[in-house]
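Below is one structure, written out as structure tokens; comments come after it.
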Amino acid sequence: MITQQTVEIIHNEAISDGYHRIRLNCGAHYASATPGQFVTIRLPDQAEPLLRRPFSIHRLPSGGAGTLYMEILYRVVGGFTRQLARQVPGSELDMLGPIGHGFSVRCHEHPVAIAAGGIGVAPLVFLAERLKQAGMGMNRVMVFLGGRTGTDILCEGIFYELGMQVSVATEDGTAGEKNLVTDPLQEWLEKNNPGMIYACGPHPMLKAVGEIAQNQGIACEVSIETLMACGLGVCMGCAVSTNEAGEGYRHVCKDGPVFDARVLL
Ligand SMILES: Cc1cc2nc3c(=O)[nH]c(=O)nc-3n(C[C@H](O)[C@H](O)[C@H](O)COP(=O)(O)OP(=O)(O)OC[C@H]3O[C@@H](n4cnc5c(N)ncnc54)[C@H](O)[C@@H]3O)c2cc1C
Ligand code: FES
């Protein structure tokens with residue numbers, strides 16, 4: 001059930017140039033949230049921006065003694081995220097969630113690939129944790145992190161701690177190999193007979209990943225971002241066109257943000 005609540009900020013720190021991680025005391029309501037679902041946030045005492053802003057659930061760490069925290073990984077891009085970066089521990093946010101349909105989490109028979117472009121890694125950390133809990137242990141998940149430059153490569157250490165293999169590619173070569181993330185991904189797919197590709201990142205990257213998956217006959221789920229207004233399925237602000245017969249458009253906030261990649265190609 002989607003619930004609106006006031007949540008306390010536990011900490012809020014820069015983790016890379018322009019990227020922050022915030023920890024919130026979200027309460028047990030989020031215990032059943034799934035990777036790929038998101039929340040919408042506003043600052044309680046601010047009139048601007050008018051619209052709540054959507055952010056993926058990045059992690060749900062336990063605080064012990066029945067306490068549940070939520071972490072959000074965010075990139076500072078505009079007015080709201082600039083204000084968010086200035087919030088200090090002890091202050092509060094107005095949060096609505098969990099919203100949307102997430103990734104399908106199960107123990108796959110074959111290895112799986114996770115492909116992240118920049119801040120697209122945010123929901124994929126939560127996904128990787130849940131895949132591990134589902135039995136996708138050591139060396140059965142291959143993670144591909146891509147970005148324009150080295151400071152866009154986030155969370156590499158978390159995936160290593162989960163026992164997963166990581167491949168890094170940047171467009172300028174300042175971290176990992178100088179390449180698009182889809183190149184090492186494609187090379188790995190050809191050799192590994194995977195059961196699924198999970199991806200989140202910019203639209204051109206998701207389109208390329210979806211096409212690769214389709215050409216190789218591999219199941220693929222992508223989490224897409226659009227501008228959102230209501231975040232609740234009532235305004236059409238997040239509509240995307242699909243190739244489904246009779247459907248035409250789907251709401252990213254209500255039907256997604258995770259879709260079977262074939263629907264969007
Ligand atoms: C389902 C979903 C999950 C998201 N999860 C995360 C997350 O985990 N971490 C994170 O950092 N961001 C995430 N976003 C994007 C985030 O909502 C925006 O970055 C944020 O709303 C920007 O607010 P702002 O006021 O700072 O910037 P604004 O002033 O509103 O925008 C600044 C610039 O960013 C562009 N922009 C804003 N929102 C989007 C968007 N959704 N897609 C593409 N361009 C956009 C604007 O067009 C503008 O150019 C998510 C978006 C969606 C829809
Ligand atoms: S944002 Fe209003 S319908 Fe999705």
Side-chain angles (χ1 to χ4, degrees), residues 2 12-24 26 30 33-43 46-60 70-87 93-103 114 116-128 145 147-148 151-155 158 198-207 221-242 247-259 264:
I2 299 172
N12 186 21
E13 292 163 350
I15 60 154
S16 180
D17 193 16
Y19 294 95
H20 292 243
R21 185 183 279 123
I22 193 166
R23 178 175 282 202
L24 309 165
C26 67
Y30 282 89
T34 56
Q37 285 192 300
F38 63 100
V39 295
T40 58
I41 295 178
R42 61 180 288 276
L43 295 166
Q46 301 283 327
E48 290 287 332
L50 192 62
L51 298 173
R52 295 171 165 278
R53 295 295 199 254
F55 295 92
S56 304
I57 300 173
H58 170 53
R59 290 176 108 176
L60 286 175
M70 178 189 298
E71 289 182 353
I72 291 171
L73 186 69
Y74 63 98
R75 187 155 75 102
V76 178
V77 293
F80 180 78
T81 44
R82 267 197 297 275
Q83 288 186 61
L84 191 60
R86 288 197 292 266
Q87 301 304 305
L93 300 177
D94 180 336
M95 189 163 87
L96 195 74
I99 305 174
H101 289 281
F103 293 103
I114 288 178
I119 190 64
V121 75
L124 298 176
V125 169
F126 187 19
L127 172 70
L145 302 178
R148 261 198 283 273
T151 50
D152 300 325
I153 302 300
L154 310 168
C155 308
I158 299 177
Y198 297 102
C200 185
H203 280 255
M205 175 205 147
L206 295 184
K207 194 165 180 306
E221 291 180 354
V222 295
S223 179
I224 63 173
E225 285 188 13
T226 54
L227 295 176
M228 282 189 184
C230 71
L232 293 169
V234 292
C235 75
M236 287 297 280
C238 63
V240 287
S241 63
T242 72
E247 289 280 351
Y249 285 90
R250 301 274 291 265
H251 293 99
V252 172
C253 67
K254 194 176 67 161
D255 306 318
V258 176
F259 293 91
L264 301 171

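If you read the sequence from its start, that first residue is 1, and numbering goes on from there. Both counts, for ligands and for their atoms, begin at 1 and track the order of listing. Reckoned from all heavy atoms, side chains included, excluding hydrogens, waters and symmetry mates.
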- Query: For atom 49 (O) of ligand 1, is the nearest protein heavy atom closer than 4.0 Å?
  - Reply: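 It does not; no protein heavy atom is within 4.0 Å.
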- Query: Where does Thr226 meet ligand 1, judged by heavy-atom distances below 4.0 Å: at the side chain, the backbone, both, or neither?
  - Reply: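 Answer for Thr226: backbone.
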- Tell me which part of His58 gets within contact of ligand 1: side chain, backbone, both or neither, using heavy atoms under 4.0 Å.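 No part of His58 comes within reach of ligand 1.
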- Query: Is the side chain of Tyr19 donor-acceptor paired with the backbone N or O of Gly118 at a distance under 3.5 Å, no angle test?
  - Reply: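 Absent.
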Can you tell me how far [atom2] of [Y] sits from [atom1] of [X], rounded to the nearest 0.5 angstrom?
X      : Y      : atom1 : atom2 : answer
Leu264 : His203 : CG    : NE2   : 9.0 Å
Leu84  : Gln46  : CG    : CD    : 11.0 Å
Ile15  : Ile22  : CD1   : CD1   : 12.5 Å
His58  : Leu127 : NE2   : CG    : 12.5 Å
Ile41  : Phe80  : CD1   : CZ    : 5.5 Å
Asn12  : Ile72  : CG    : CD1   : 10.0 Å

Can you find an N/O atom of [X] closer than 3.5 Å to an N/O atom of ligand 1?
X      : answer
Phe80  : yes
Ala122 : no
Arg82  : no

Tell me the protein heavy atom at minimum distance from [atom], and give that distance in Å.
atom                    : answer
atom 9 (N) of ligand 1  : Leu73 O, 2.9 Å
atom 35 (C) of ligand 1 : Leu227 CD2, 4.7 Å
atom 27 (O) of ligand 1 : Gly78 CA, 3.4 Å
atom 30 (O) of ligand 1 : Arg53 NH2, 3.1 Å
atom 3 (C) of ligand 1  : Ser56 OG, 3.5 Å
atom 17 (O) of ligand 1 : Pro54 O, 2.6 Å
atom 22 (C) of ligand 1 : Val77 CG2, 3.6 Å
atom 43 (C) of ligand 1 : Glu225 OE1, 4.6 Å

- Item | Lys/Arg N to Asp/Glu carboxylate O, Asp152 vs Arg75, below 4.0 Å |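 Salt bridge: no.
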- Are the charged groups of Arg23 and Glu71 less than 4.0 angstrom apart, N to O?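 Looking at Glu71 together with Arg23, the answer is yes, because their closest N to O distance falls below 4.0 Å.
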- Message: Is the ring pair His20/Tyr74 parallel, tilted or perpendicular, if the boundaries are 30 and 60 degrees?
- Response: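 Plane angle under 30°, so parallel.
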- Item | Proximal atoms of ligand 1 relative to Tyr74 (non-hydrogen, under 4.0 Å) |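 Those of ligand 1 that fall under 4.0 Å from Tyr74 are 9 (N), 10 (C), 11 (O).
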- Close-contact set for ligand 1 against Thr81 heavy atoms, below 4.0 Å: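 In order of numbering, the contacting atoms are 24 (P), 26 (O).
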- Near atom 4 (Fe) of ligand 2, which protein N/O/S atoms are found at less than 2.8 Å?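 Listed by chain and number, the atoms are Cys238 SG, Cys253 SG.
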- Between Arg21 and Leu154, is a side-chain contact (heavy atoms from CB on, under 4.5 Å) present by the stated rule, with each step listed? CA-CA 11 Å; Arg21 185 183 279 123; Leu154 310 168; over 6 Å; no
- Leu124 vs Phe103, side-chain contact (heavy atoms from CB on, under 4.5 Å): CA-CA, chis, key distance, verdict: CA-CA 9 Å; Leu124 298 176; Phe103 293 103; 3.8 Å; yes
- Query: Step by step, would you call Val39 with Tyr30 a side-chain contact (heavy atoms from CB on, under 4.5 Å)?
  - Reply: CA-CA 10 Å; Val39 295; Tyr30 282 89; 3.6 Å; yes
- Item | Ile72 to ligand 1, any heavy atom closer than 4.0 Å |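 It does not, in that no heavy atom of Ile72 comes within the 4.0 Å cut-off of ligand 1.
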- Message: Assess the residue pair Leu73 and Ile119 against the criterion (side-chain contact (heavy atoms from CB on, under 4.5 Å)); give the C-alpha distance rounded to whole Å, side-chain angles, the decisive distance to 0.1 Å, and a yes or no.
- Response: CA-CA 8 Å; Leu73 186 69; Ile119 190 64; 3.9 Å; yes
